[in-house]
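Here the structure is laid out as structure tokens; the discussion comes afterwards.
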Amino acid sequence: MSNPWDDWDHVLKVDPDKDLCDGETFEDVCRTGTDAIEIGGTLDVTAEKMTRVIDAAAEYDVPLYQEPSNPGVVIDSPALEGYLIPTVFNAGGPFWITGAHKEWVRIDDLDWDRTHTEAYIVMNPDASVAELTDANCDLDADDVEAYAKVAERMFGQEIVYLEYSGTFGDTEKVAAAGDALDDATLFYGGGIHDYESANAMARHSDVIVVGDLLHDEGVDAVRETVRGAKDA
Ligand SMILES: CC(C)=CCC/C(C)=C/CC/C(C)=C/CC/C(C)=C/COP(=O)(O)OP(=O)(O)O
Ligand SMILES: O=P(O)(O)OC[C@@H](O)CO
Ligand SMILES: [Mg+2]
């Protein structure tokens with residue numbers, strides 16, 4: 001079965017807790033050329049902030065996905081193409097692997113057809129996501145390769161997400177994850193800030209994810225990363 005992300009090169013991650021740059025609008029954000037927008041962040045995300053971003057981006061053509069950091073911020077909206085639910089393979093305990101998911105399924109009525117998972121491998125120990133999930137980020141290339149295989153072969157994950165949030169990753173480890181996968185789509189995220197960094201990581205992964213750059217530098221800088229991803 002084919003999935004929409006099979007055809008993506010670039011995803012823009014909008015953090016509802018962060019502002020856009022001065023003078024920029026969600027229309028500008030949706031016109032960067034990105035293949036999809038993921039809405040999510042680790043810290044201080046609320047349902048209200050989520051809704052504000054979803055509503056503001058709803059009227060443009062780019063597919064919108066929510067990436068909730070906990071069950072309490074999941075928004076039921078027809079504007080969303082779907083839900084990309086993280087599960088952190090190298091978390092320090094089971095809560096961020098299956099625990100939060102179990103609670104969500106217990107309390108909510110899921111739209112299974114629009115619900116997909118992302119097998120996160122968290123790599124930057126200083127990122128909020130690493131601290132929150134107590135992730136073991138001390139991983140060599142062979143550890144990363146093994147996690148990627150476990151995710152795809154044992155847990156049937158269709159997306160493996162190598163997460164360097166806030167810092168530019170090690171291309172050797174990204175390549176190791178890529179080599180490990182047959183069918184799953186490899187997302188890479190972290191520290192992409194220009195054409196070159198986008199192009200370099202896009203050569204080793206299937207989809208690059210750009211986050212902070214939107215909030216720090218703005219849509220023109222993001223557009224350069226789209227170009228870098230498409231050229232790879
Ligand atoms: C079961 C449901 C609905 C949710 C749980 C989903 C899980 C396991 C979340 C744990 C990992 C997590 C918090 C993912 C959120 C997405 C993410 C990694 C955003 C990037 O966050 P950072 O860039 O580290 O955070 P800030 O930018 O907020 O500092
Ligand atoms: O914010 P940056 O460092 O671009 O990282 C993107 C994304 O992987 C964060 O979840
Ligand atoms: Mg971030």
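Computation of the quantities below employed the complete heavy-atom set of this structure, encompassing side-chain atoms and omitting hydrogens, waters and symmetry-equivalent molecules. Each ligand, and each atom within it, is numbered from 1 in the order the structure gives.
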task = Give the ring-plane orientation class for H193 versus F168, where under 30° counts as parallel, over 60° as perpendicular and anything between as tilted.
result =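 Taking F168 first and then H193, their aromatic rings stand perpendicular (interplane angle over 60°).
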
Exercise. Do ligand 2 and S165 have nitrogen or oxygen atoms that lie under 3.5 Å from each other?
Worked result: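 By distance alone, the answer is no.
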
Among all protein heavy atoms in this structure, tell me which lies nearest to [atom], with the distance rounded to 0.1 Å.
{"atom": "atom 1 (O) of ligand 2", "result": "D212 N, 2.8 Å"}
{"atom": "atom 4 (O) of ligand 2", "result": "G211 N, 2.9 Å"}
{"atom": "atom 10 (O) of ligand 2", "result": "E163 OE2, 2.5 Å"}

Numbering as shown, the atoms of ligand 2 that approach [X] to under 4.0 Å (heavy-atom distance):
{"X": "G189", "answer": "8 (O)"}
{"X": "G166", "answer": "2 (P), 3 (O)"}
{"X": "G191", "answer": "2 (P), 3 (O), 4 (O)"}

*asked:* With a 4.0 Å cut-off on heavy atoms, is Y161 in contact with ligand 2?
replied: yes

Is the number of heavy atoms from other residues, nucleotides or ligands under 6.0 Å of [X] [atom1] greater than 12?
{"X": "R114", "atom1": "CZ", "value": "yes"}
{"X": "E103", "atom1": "CD", "value": "yes"}
{"X": "D138", "atom1": "CG", "value": "no"}

Distance col, row K149:NZ vs M154:CE, nearest 0.5 angstrom, shows 10.5 Å

Worksheet item: According to a 4.5 Å side-chain heavy-atom criterion applied to Ile, Leu, Val, Met, Phe, Trp and Tyr, with indirect links allowed, do F89 and L181 form part of one hydrophobic cluster?
Response: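 In one cluster with F89: L181, yes.
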
Flag the pair [X] and [Y] as a salt bridge only when some basic side-chain nitrogen lies within less than 4.0 angstrom of an acidic carboxylate oxygen.
{"X": "D35", "Y": "K230", "answer": "yes"}
{"X": "D182", "Y": "R153", "answer": "yes"}
{"X": "K18", "Y": "D212", "answer": "yes"}

Closest heavy-atom pair, Y120 versus N90, reported as atoms and distance to 0.1 Å, is O-OD1, 3.9 Å

Provide, line by line, the atom pairs where ligand 1 and the protein bring an N/O atom each to a distance under 3.5 Å; else say none.
{"unit_1": "ligand 1", "atom_1": "21 (O)", "unit_2": "T42", "atom_2": "OG1", "d": "2.6"}
{"unit_1": "ligand 1", "atom_1": "23 (O)", "unit_2": "S165", "atom_2": "OG", "d": "2.6"}
{"unit_1": "ligand 1", "atom_1": "24 (O)", "unit_2": "T42", "atom_2": "OG1", "d": "3.4"}
{"unit_1": "ligand 1", "atom_1": "24 (O)", "unit_2": "V129", "atom_2": "N", "d": "3.2"}
{"unit_1": "ligand 1", "atom_1": "24 (O)", "unit_2": "S165", "atom_2": "OG", "d": "3.4"}
{"unit_1": "ligand 1", "atom_1": "25 (O)", "unit_2": "T42", "atom_2": "OG1", "d": "3.2"}
{"unit_1": "ligand 1", "atom_1": "27 (O)", "unit_2": "D15", "atom_2": "OD2", "d": "3.3"}
{"unit_1": "ligand 1", "atom_1": "27 (O)", "unit_2": "K18", "atom_2": "NZ", "d": "2.9"}
{"unit_1": "ligand 1", "atom_1": "28 (O)", "unit_2": "T42", "atom_2": "N", "d": "3.1"}
{"unit_1": "ligand 1", "atom_1": "28 (O)", "unit_2": "L43", "atom_2": "N", "d": "3.0"}
{"unit_1": "ligand 1", "atom_1": "29 (O)", "unit_2": "S128", "atom_2": "OG", "d": "2.6"}

